[in-house]
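As the structure is a prediction and not an experimental result, all values here were calculated from the model. In this chain, residues are counted from 1 in sequence order. What's counted below: heavy atoms across the whole structure, side chains too, no hydrogens, waters or symmetry copies.
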Amino acid sequence: MKRLSEIETGTVARILSFENNDLFLKLMEMGCVPGELVKVEQVAPLGDPISIIVAGYNLSLRLNEADNIFVEELG
């Protein structure tokens with residue numbers, strides 16, 4: 001189990017859970033639900049934010065938000 005912020009560009013992962021309940025509702029409204037597949041598309045030159053594909057659309061997350069999402073790396 002890794003944090004989404006630790007996943008390399010181009011990697012697909014499955015969302016397992018969230019660490020921070022305050023961000024949980026906000027992330028779920030954006031399509032980040034447990035069991036959903038995400039792909040890390042791009043990382044900004046300074047590392048923050050990152051761009052992911054989730055539920056069929058691109059989503060930009062700050063590193064502190066991505067740090068609260070636990071994922072299982074699929075490849």
Side-chain angles (χ1 to χ4, degrees):
M1 185 161 65
K2 288 185 171 183
R3 295 177 185 272
L4 183 58
S5 59
E6 301 169 345
I7 301 297
E8 298 291 324
T9 303
T11 303
V12 176
R14 182 181 318 278
I15 297 175
L16 297 177
S17 62
F18 302 93
E19 182 176 45
N20 185 339
N21 287 333
D22 295 336
L23 286 175
F24 178 68
L25 185 59
K26 176 184 173 184
L27 292 169
M28 283 190 59
E29 288 173 348
M30 293 187 285
C32 295
V33 294
E36 187 71 41
L37 295 179
V38 297
K39 180 180 180 183
V40 178
E41 272 293 293
Q42 296 176 328
V43 177
L46 297 177
D48 190 16
I50 64 171
S51 175
I52 64 171
I53 295 178
V54 61
Y57 70 96
N58 284 18
L59 175 65
S60 290
L61 292 175
R62 296 176 188 257
L63 278 184
N64 66 340
E65 294 169 332
D67 225 19
N68 288 294
I69 303 172
F70 290 106
V71 296
E72 171 188 23
E73 199 170 338
L74 301 177

**Report entry** Sequence neighbours excluded - salt bridge (charged side-chain N to carboxylate O under 4.0 Å, His left out) pairs with any residue from residues 43-65
**Finding:** Lys26-Glu65

Query raised in the report: Would you say Met1 and Val71 make side-chain contact, with heavy atoms under 4.5 Å?
Result: no

Query raised in the report: Do you know the tightest heavy-atom contact between Ile52 and Cys32?
Result: CD1-SG, 4.4 Å

Requested in this report: Indicate, with yes or no, if Val33 and Val54 share a hydrophobic cluster defined by side-chain heavy-atom contacts under 4.5 Å among Ile, Leu, Val, Met, Phe, Trp and Tyr.
Outcome: yes

Query - Test side-chain contact (heavy atoms from CB on, under 4.5 Å) applied to Glu72 - qualifying residues, sequence neighbours left out - result: Arg14, Leu16, Leu74

**Report entry** Ser5 and its side-chain contact (heavy atoms from CB on, under 4.5 Å) partner, picked from Leu61, Val40, Asp67
**Finding:** Asp67

Query - salt bridge (charged side-chain N to carboxylate O under 4.0 Å, His left out) pairs, two or more places apart, involving residues 34-46 - result: Lys39-Glu41

Report task. Check side-chain hydrogen bond (donor to acceptor under 3.5 Å, both in side chains) between Asn64 and all other residues, then give those that pass, not counting sequence neighbours. Result -> none

**Report entry** From Leu46 atom CG to Leu63 atom CG, the distance as rounded to the nearest 0.5 Å
**Finding:** 10.5 Å

Report task. Compare all side-chain heavy atoms of Glu73 with those of Glu8 and state whether any distance is below 4.5 angstrom. Result -> no

**Report entry** Between CG on residue Leu27 and CD1 on residue Ile69, distance to nearest 0.5 Å
**Finding:** 4.5 Å

Query - Those residues that, when tested against Glu6, pass salt bridge (charged side-chain N to carboxylate O under 4.0 Å, His left out) (two or more places apart) - result: none

Query - Between NZ on residue Lys2 and CZ on residue Phe70, distance to nearest 0.5 Å - result: 13.5 Å

Requested in this report: Write out all pairs satisfying ring-ring contact (aromatic ring centres under 6.0 Å, His included) with one or both partners inside residues 24-52, taking only residues at least two apart or from two chains.
Outcome: Phe18-Phe24

Requested in this report: Measure the spacing between CG of Leu23 and CG of Asn68 and express it to the nearest 0.5 Å.
Outcome: 5.0 Å

Query - Validation row: Val38, Val12 side chains within 4.5 angstrom (heavy atoms) - result: no

